[in-house]
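Remarks on the structure that follows.
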Amino acid sequence: MSRIHLDEQSSLDDVARATTTWADEHVPAEWREAAARGGHDAIRQVRTYADYEAWYPTFADSGLAVATWPVPYGGLDLTSDQARVANDVLAPFNLGRLNIIALGAVAPALFTYGTDEQCRRFLPPMVRNEEKWTQLLSEPGAGSDLASVQTFAQFKKGEEKKNDKWIINGHKV
């Protein structure tokens, strides 16, 4: 496992040093050399998407892919400033996140509304790109055009407005 050992008490210099050391030890030499030669364009010449996807769990295991997240969910529990320093160190290697819908849309919902058990179950596989999530918005006659959606919700007539009294009209696929 390639987890970095940092926490919110680590200095920004410690974060930069630990991230640099991790990159030297875990980012493939060919990618590091390409980054030194010419950045993202040079990396694209030596690294395929399949190469990156196969290597990505190494990045996820470091905690750096979601550095501000709590440790049990795959992060390092770093502050935003610390994460920015780590991202600056890693930027030349073009180590973008995979599973963007899951990390950007599903994870925030889990953090806000999910139980600890749900977060422990779903977040780490999202971070490692082992379970892929997607978001589909579609309705017959509208597709993904939300302006044409005909499904709507209303409260049951004559009832006090309560969460369990919604009536849904239309249909979704």
Side-chain angles (χ1 to χ4, degrees), residues 1-35 39-40 43-44 46-138 144 146 153 162-164 166 172:
M1 184 135 170
S2 61
R3 178 155 299 277
I4 287 188
H5 299 288
L6 294 168
D7 61 36
E8 63 185 9
Q9 302 305 316
S10 300
S11 73
L12 297 180
D13 287 340
D14 288 342
V15 171
R17 264 191 304 280
T19 305
T20 299
T21 299
W22 179 87
D24 290 345
E25 293 173 359
H26 297 284
V27 175
E30 189 176 25
W31 302 358
R32 291 192 321 268
E33 292 163 6
H40 296 188
I43 290 172
R44 286 188 193 103
V46 299
R47 181 179 77 199
T48 67
Y49 182 81
D51 292 338
Y52 187 58
E53 193 170 36
W55 175 84
Y56 189 82
T58 301
F59 182 40
D61 287 345
S62 73
L64 290 165
V66 289
T68 59
W69 286 18
V71 172
Y73 306 149
L76 295 172
D77 209 14
L78 298 184
T79 67
S80 295
D81 288 340
Q82 291 170 315
R84 199 171 0 271
V85 168
N87 288 338
D88 288 347
V89 170
L90 297 174
F93 309 114
N94 194 24
L95 303 179
R97 291 177 170 180
L98 297 179
N99 210 0
I100 293 298
I101 298 288
L103 297 178
V106 178
L110 280 169
F111 277 120
T112 302
Y113 302 106
T115 64
D116 182 60
E117 181 181 344
Q118 290 168 326
C119 289
R120 287 178 188 270
R121 159 61 185 90
F122 293 112
L123 294 172
M126 280 181 198
V127 174
R128 290 178 50 82
N129 197 39
E130 293 170 343
E131 294 180 3
K132 297 180 180 167
W133 292 64
T134 190
Q135 179 179 8
L136 300 173
L137 304 170
S138 186
S144 60
L146 294 180
K162 294 182 181 175
N163 289 337
D164 59 351
W166 287 98
K172 301 292 289 174

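Keep in mind the model is a prediction, meaning the values are calculated, not measured. Numbering of residues begins at 1 and proceeds along the displayed sequence.
With sequence neighbours excluded, the residues that form a ring pair (Phe, Tyr, Trp, His ring centres under 6.0 Å) with Tyr73 are Phe111. Legend: residues meeting side chain to side chain donor-acceptor pair (under 3.5 Å) with Glu33, ordered by chain and number and at least two apart, are absent. In this structure, Thr68 has no side chain to side chain donor-acceptor pair (under 3.5 Å) partners at least two apart in sequence or on a different chain. Annotation: salt bridge (charged side-chain N to carboxylate O under 4.0 Å, His left out) contacts of Glu30 (sequence neighbours excluded): none. Under the rule for a side chain to side chain donor-acceptor pair (under 3.5 Å), the partners of Glu131 that lie at least two apart in sequence or sit in another chain are Arg121. In this structure, Tyr113 has no side chain to side chain contact (heavy atoms under 4.5 Å, CB included) partners at least two apart in sequence or on a different chain. Looking at residues two or more places apart in sequence or on another chain, you find no salt bridge (charged side-chain N to carboxylate O under 4.0 Å, His left out) involving Arg32. Residues satisfying the side chain to side chain donor-acceptor pair (under 3.5 Å) test with Arg47, not counting sequence neighbours, are none. Thr112 pairs by the side chain to side chain contact (heavy atoms under 4.5 Å, CB included) definition with nothing, not counting sequence neighbours. Applying the side chain to side chain contact (heavy atoms under 4.5 Å, CB included) rule to Pro28 yields the partners Trp31, Trp55; only residues at least two apart in sequence or on another chain are considered.
For the atom pair Thr19 OG1 and Asp24 CG, the distance stands at 11.0 Å (nearest 0.5 Å). Separation of atoms CG (Leu98) and CG (Leu95) is listed at 10.0 Å; rounding is to 0.5 Å. With rounding to the nearest 0.5 angstrom, the CG atom of Leu64 is 6.0 Å from the CH2 atom of Trp22. To the nearest 0.5 Å, atoms CD (Gln82) and CG (Asp77) are separated by 9.0 Å. For the atom pair Leu90 CG and Ser62 OG, the distance stands at 7.5 Å (nearest 0.5 Å).
Judged purely by atom type and a 3.5 angstrom limit, Arg128 has no side-chain atom pairing as donor or acceptor with the backbone of Thr58. In terms of modelled atom types and a separation under 3.5 Å, the side chain of His26 and the main chain of Thr21 share no donor-acceptor contact.
The nearest pair of heavy atoms linking Pro92 to His40 is O-CD2, 4.0 Å. A pairwise comparison of heavy atoms in Pro124 and Cys119 identifies CD-O, 3.4 Å as the closest pair. Taking every heavy atom of both residues into account, Val46 and Ala34 meet most closely at CG2-CB, 3.7 Å. Among all heavy-atom pairs drawn from Val127 and Ala65, the shortest one is CG1-CB, 4.4 Å. Among all heavy-atom pairs drawn from Arg3 and Gly74, the shortest one is NH2-O, 3.7 Å. Residue Phe93 comes nearest to Ala35 through the heavy atom pair CD2-CB, 3.7 Å, listed as atom of the first residue, atom of the second, then distance.
Taking the six-membered ring for Trp and the full ring otherwise, Tyr52 and Tyr49 have centroids separated by 6.0 Å or more.
For residues 83-101, every residue pair satisfying the side-chain hydrogen bond (donor to acceptor under 3.5 Å, both in side chains) rule, not counting sequence neighbours, is listed here: Asp81-Arg84. Applying the side-chain hydrogen bond (donor to acceptor under 3.5 Å, both in side chains) rule to pairs touching residues 6-18 yields Ser11-Asp14, Asp14-Arg17, sequence neighbours excluded.
Between Met126 and Val66 the shortest side-chain heavy-atom distance does not fall below 4.5 Å.
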